[in-house]
Amino acid sequence: MSQDWARLPERGNPLVLRLILWIALRIGRPVGRALLYPITLYFLATAPAARHGSWLFLGRVLGREPGWRELFRHIHCFAATILDRVYFLTGRLRPFDIEIFGDRWVVEQAASGQGCVLLGSHLGSFEVLRAIGVTLRHFPIKILMNTGHNRDITGFLNALNPDLAQAILPIGGPDTLLRVQENVAQGYMVGVLGDRVTVGERTVRVRFFGRETAFPAGPLLLAALADCPVILFFGLYRGGHRYEIHFERLAERIALDRRRRQEQLAVWVQRYADRLEHYARLAPYNWFNFYDYWEEDA
Amino acid sequence: MEALSPFELEVARLLVETLHLEDVQPEDIGPERPLFGEGLGLDSIDALELALAISKTYGFQLRSEDKDNRRIFASLRALSQHITQQRTR
């Protein structure tokens with residue numbers, strides 16, 4: 001299920017995506033944004049599973065049943081960040097107001113020459129970080145990404161932006177994490193997303209919004225094995241042309257004792273989940289995991 | 001089942017010890033059996049731990065750029081052969 005929704009933004013055929021790209025780049029953001037309304041309505045009408053995921057999440061955050069207006073706002077927020085992704089990935093940052101919090105964590109980390117794990121999530125825009133960090137600031141960033149489906153917007157835009165394409169570490173094969181560890185050892189900050197479990201992945205049970213659910217164990221286990229710091233990042237869309245990037249340091253290093261590894265790891269993953277919950281409360285419409293996150297229907 | 005060579009048994013012990021495979025006896029690992037996915041069921045995290053342990057024990061780095069990684073990681077036998085060729089201690 002989560003696998004299917006990993007590709008939610010890329011639903012639809014490549015022609016439509018090309019059209020959106022063309023409008024976004026040739027005609028401009030105001031027209032693109034006007035089109036978000038019918039697109040949002042279309043999604044609301046034709047993607048019942050995503051709608052249900054939104055309904056479940058907003059219900060949990062708001063503490064009551066969400067209304068249509070709130071569901072609309074949720075999908076609209078998502079669609080808006082997809083549109084802006086076009087601008088971020090092609091380096092067109094001028095129209096945006098991007099405020100950065102906790103900048104010093106990445107600045108200091110980059111200055112130290114030591115690598116780290118940059119741990120993000122599907123809360124808000126991942127691309128705003130890539131745009132700022134790679135294209136604008138030239139931080140030594142690499143992003144661990146699934147490049148299997150090249151027809152999607154990201155694959156297409158990566159092809160347009162060689163800087164970003166070079167900064168991708170493809171997922172696949174038993175040596176994927178070895179590659180990440182090598183890059184960290186070479187001083188790269190490697191961006192990974194830590195909130196979505198894929199099939200067969202190792203997990204840790206944590207509390208999230210007051211209810212137990214599974215989070216991936218991999219990212220923090222990787223940081224422990226690579227013996228490197230973990231910096232959290234959240235790229236929140238705040239409406240209009242405003243974005244916020246928040247950086248925090250989760251850990252200077254994660255030391256795990258082999259015998260108590262699972263329980264010690266759970267403490268760290270819980271800390272990550274707590275910060276994710278904090279930011280998800282701050283910007284609930286930025287929650288882009290449109291599926292049954294707590295497996296409530298199971 | 002096919003018997004392991006002495007060196008394959010040594011690598012199998014390293015593997016079981018490093019990855020804390022509690023239900024697996026080193027001598028029971030089939031030398032040609034896949035290590036990842038089907039077979040022993042190791043994952044990418046195991047591969048990283050294994051690579052770090054091999055570098056510590058045998059003094060050479062397994063590199064992710066190595067195009068032969070799929071073959072090297074394919075089975076205990078393939079891995080042992082690779083270590084034999086590359087080891088510095």
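Per chain, numbering begins at 1; letters A, B, ... match sequence-line order.
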By number, which residues in residues 79-89 of chain B have some heavy atom less than 4.5 Å away from chain A? none
Neighbourhood of chain A inside residues 11-26 of chain B, taking heavy atoms under 4.5 Å as contact: B:Thr18, B:Leu19, B:His20
Given that the side chain runs from C-beta out, which part of A:Leu221 has a heavy atom under 4.5 Å from chain B: side chain, backbone, both or neither? side chain
Can you tell me how far apart OG (B:Ser44) and CD (A:Glu201) are? Round to the nearest 0.5 Å. 10.0 Å
Could you state the interatomic distance from CG (A:Asn183) to OG (B:Ser64), rounded to the nearest 0.5 Å? 7.0 Å
Could you tell me which portion of B:Leu35 (side chain, backbone, both or neither) has an atom closer than 4.5 angstrom to a non-hydrogen atom of chain A? neither
Which atoms of B:Ile45 are under 4.5 Å from chain A, going by heavy atoms: the side chain, the backbone, both sets, or neither? both
Considering only heavy atoms, give the residues of residues 262-278 of chain A separated from chain B by less than 4.5 Å, sorted numerically, with 'none' for an empty result. none
Looking only at heavy atoms, which of residues 172-179 of chain A get nearer than 4.5 Å to chain B? A:Gly172, A:Gly173, A:Pro174, A:Asp175, A:Thr176, A:Leu177, A:Leu178, A:Arg179
For chain A, which of B:Leu50, B:Leu42, B:Leu52 has the most heavy-atom pairs under 4.5 Å? B:Leu52
With a cut-off of 6.0 Å (strictly less than), are more than 12 heavy atoms of other residues, nucleotides or ligands near [atom1] of [X]?
{"X": "A:Tyr188", "atom1": "OH", "answer": "no"}
{"X": "A:Arg259", "atom1": "CZ", "answer": "no"}
{"X": "B:Glu38", "atom1": "CD", "answer": "no"}
{"X": "A:Glu252", "atom1": "CD", "answer": "no"}

Minimal heavy-atom distance between A:Glu182 and B:Arg63, with the atoms involved, is OE2-CA, 3.3 Å
